[in-house]
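Heads up: the structure comes next, in structure tokens.
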Amino acid sequence: MKTPPNLHTGDKIGIVATARKVSSADLMKAVSVFTEWGLDPILGQNIFNENHQFAGTDEERAQDFQQMLNDENIKAIVFARGGYGTIRVLEKINWNNFIKNPKWLVGFSDITVIHNYCQKLGVESLHAIMPISFETASNEAVLSLKSALFGKALEYQIEDHPFNKKGKIKAAICGGNLSILHNLSGTIADINTEGKILFIEDLDEYLYHIDRMMMNLKLSGKLSKLAGMIVGGMTQMNDNNVPFGKTAYEIIKEHTEEYDFPVCFGFPAGHFPDNRTLILGREIELAVADRVTIKF
């Protein structure tokens, strides 16, 4: 996997919206923080456009992203927010310049589309907070993004979880939002999980949907090929009038019990303030013992 160059003081970073619409107020905190870091945030030309729920038309959103990819002065691209819409622009993007001169692409949730495609292209990317969430993000989440962008080592230690499956493994990490991973199955942005550590998180899903998506991973052979799994937040889950009978974590535990790879539950990444940065595509060391240690 290619590692994009580290950022330095004075570098320009692009902010684009490939999914749901945003306002200038949504970006103020992030722009201020990036500026404090010594970076120069550049907004996409169409970033405040509106087309129903989207930040402009598919063509306008793709245009902003393409321009930032092609601009050699832009050293990283941060996606303003998720929602839905990134998959609609994926085929409109020419990735040739990015492959030759990779740069950090930063986001989570709907931006799992981009992360998956980066896996196909052989380029690392950052699963991390986006401008829409800077106001509520924990200090640890913000600092983890800064460390990753500026090339400082990332290492996390978290408390044990009763569902954890102990073990130690070194492998590349992939993944992101479980619903998006499910939706990308069989597409040009599907991922190969063989020999990798899969990270998953999700928001506002029905519990039976979590079960269905885990069954998809299982029946498609993606679970059996894993070297390990990291489970982040399963936030604001929903249930039917007739309860499903298990929590999201219990569902995931059930579907991973038959495999011998280590599993870490409760990692601080997902749709909540303490959303720590993960370098997707990077080989990491996952050690699940009395405490969990993750080294990038």
Side-chain angles (χ1 to χ4, degrees), residues 1-24 26-49 55-82 85-86 88-134 142 144-152 277 279-282:
M1 296 287 286
K2 293 182 180 178
T3 300
N6 300 331
L7 296 190
H8 300 90
T9 300
D11 280 347
K12 297 180 186 295
I13 60 169
I15 301 179
V16 300
T18 54
R20 192 169 292 176
K21 60 188 177 183
V22 294
S23 68
S24 58
D26 293 331
L27 308 183
M28 286 179 60
K29 178 66 174 180
V31 168
S32 174
V33 171
F34 290 144
T35 303
E36 289 173 5
W37 293 352
L39 301 173
D40 183 10
I42 306 297
L43 303 184
Q45 179 180 342
N46 300 304
I47 194 168
F48 298 127
N49 289 1
T57 64
D58 294 348
E59 289 72 23
E60 289 168 338
R61 303 195 316 280
Q63 178 185 333
D64 275 5
F65 184 29
Q66 188 72 67
Q67 192 277 327
M68 295 292 187
L69 282 176
N70 293 347
D71 188 340
E72 295 181 2
N73 294 315
I74 299 295
K75 303 304 182 182
I77 301 173
V78 181
F79 295 88
R81 67 165 302 162
T86 304
R88 294 179 60 91
V89 306
L90 186 63
E91 285 190 302
K92 300 180 185 298
I93 301 301
N94 184 317
W95 297 88
N96 290 339
N97 286 338
F98 175 75
I99 295 170
K100 295 175 184 175
N101 301 291
K103 57 188 74 177
W104 287 117
L105 303 182
V106 182
F108 76 108
S109 192
D110 193 58
I111 310 307
T112 299
V113 173
I114 300 298
H115 293 313
N116 268 30
Y117 205 70
C118 282
Q119 295 282 314
K120 291 282 191 180
L121 300 176
V123 179
E124 295 177 355
S125 59
L126 299 181
H127 183 281
I129 59 171
M130 300 181 286
I132 192 73
S133 54
F134 264 65
V142 175
S144 70
L145 174 57
K146 182 180 182 182
S147 294
L149 286 172
F150 285 88
K152 295 183 179 179
T277 300
I279 307 173
L280 298 181
R282 177 75 57 90

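Here, residue 1 is the first one in the sequence, and each next residue gets the next number.
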Flag, side chain of S144 to backbone of T277, donor-acceptor distance under 3.5 Å: yes
Could you pull out all donor-acceptor pairs under 3.5 Å where a side-chain atom in residues 6-15 meets a protein atom, sequence neighbours excluded?
from, atom 1, to, atom 2, distance (Å)
H8, ND1, N6, O, 3.4
D11, OD2, H8, N, 2.7
K12, NZ, D40, OD2, 2.9

Contacts of type side-chain hydrogen bond (donor to acceptor under 3.5 Å, both in side chains), residue S23, not counting sequence neighbours: D26
Exam field: side chain T35 to backbone V31, donor-acceptor pair closer than 3.5 Å: yes
Chi angles and distances behind the side chain to side chain contact (heavy atoms under 4.5 Å, CB included) call for F150, L39: CA-CA 11 Å; F150 285 88; L39 301 173; 3.8 Å; yes
Min side-chain heavy-atom separation V78-P131 under 4.5 Å: yes
Flag if over 12 foreign heavy atoms under 6.0 Å of NZ, K152: no
Over all atoms of both residues, closest heavy-atom pair of A19 and G82: CB-O, 3.3 Å
Taking every non-hydrogen atom, the tightest pair across C118 and L105: SG-CD1, 3.7 Å
pair T57-N49: side-chain heavy atoms closer than 4.5 Å: no
Rounded distance [0.5 Å steps], CG in L126 versus CH2 in W104: 4.5 Å
Evaluation steps, side chain to side chain contact (heavy atoms under 4.5 Å, CB included), between V142 and I129: CA-CA 7 Å; V142 175; I129 59 171; 3.8 Å; yes
Interatomic distance, Q67 atom CD to N46 atom CG [nearest 0.5 angstrom]: 10.0 Å
Note, F34 side chain near L27 side chain (heavy atom, < 4.5 Å): no
Partner set under salt bridge (charged side-chain N to carboxylate O under 4.0 Å, His left out) for E91, not counting sequence neighbours: none
Residues which pass side-chain contact (heavy atoms from CB on, under 4.5 Å) with T112, listed by chain and number, not counting sequence neighbours: N116, N177, I180, L181
Rounded distance [0.5 Å steps], CG in L121 versus CD1 in I114: 9.5 Å
Listed partners of Q63 passing side-chain hydrogen bond (donor to acceptor under 3.5 Å, both in side chains), at least two apart: none
Qualifying salt bridge (Lys or Arg N to Asp or Glu O under 4.0 Å) pairs, either residue in residues 64-81, two or more places apart: none
Check: M68 and I42 side chains under 4.5 Å, non-hydrogen atoms: yes
OG1-CG distance between T18 and L90, expressed to the nearest 0.5 angstrom: 10.0 Å
Criterion side chain to side chain contact (heavy atoms under 4.5 Å, CB included) on I93 and Y117, from CA distance to verdict: CA-CA 11 Å; I93 301 301; Y117 205 70; over 6 Å; no
Whether F79 and F65 hold their rings parallel, tilted or perpendicular, with breakpoints at 30° and 60°: perpendicular
Heavy-atom closest pair, residues G281 and M1: O-CG, 3.4 Å
Spacing of N101 atom CG and L69 atom CG [to the nearest 0.5 Å]: 11.0 Å
Partner set under salt bridge (charged side-chain N to carboxylate O under 4.0 Å, His left out) for R282, not counting sequence neighbours: E124
Rounded distance [0.5 Å steps], OG in S109 versus NE2 in H115: 9.5 Å
Sequence-distant partners of R61, salt bridge (charged side-chain N to carboxylate O under 4.0 Å, His left out), two or more places apart: D58
Non-neighbouring partners of N97 that pass side-chain hydrogen bond (donor to acceptor under 3.5 Å, both in side chains), sequence neighbours left out: N70
Salt bridge (charged side-chain N to carboxylate O under 4.0 Å, His left out) against K146, all qualifying residues, sequence neighbours excluded: none
Where at least one partner belongs to residues 101-111, residue pairs that pass salt bridge (Lys or Arg N to Asp or Glu O under 4.0 Å), sequence neighbours excluded: none
More than 12 heavy atoms from other groups under 6.0 Å of NZ on K2: yes
Contacts of type ring pair (Phe, Tyr, Trp, His ring centres under 6.0 Å), residue F98, not counting sequence neighbours: W95
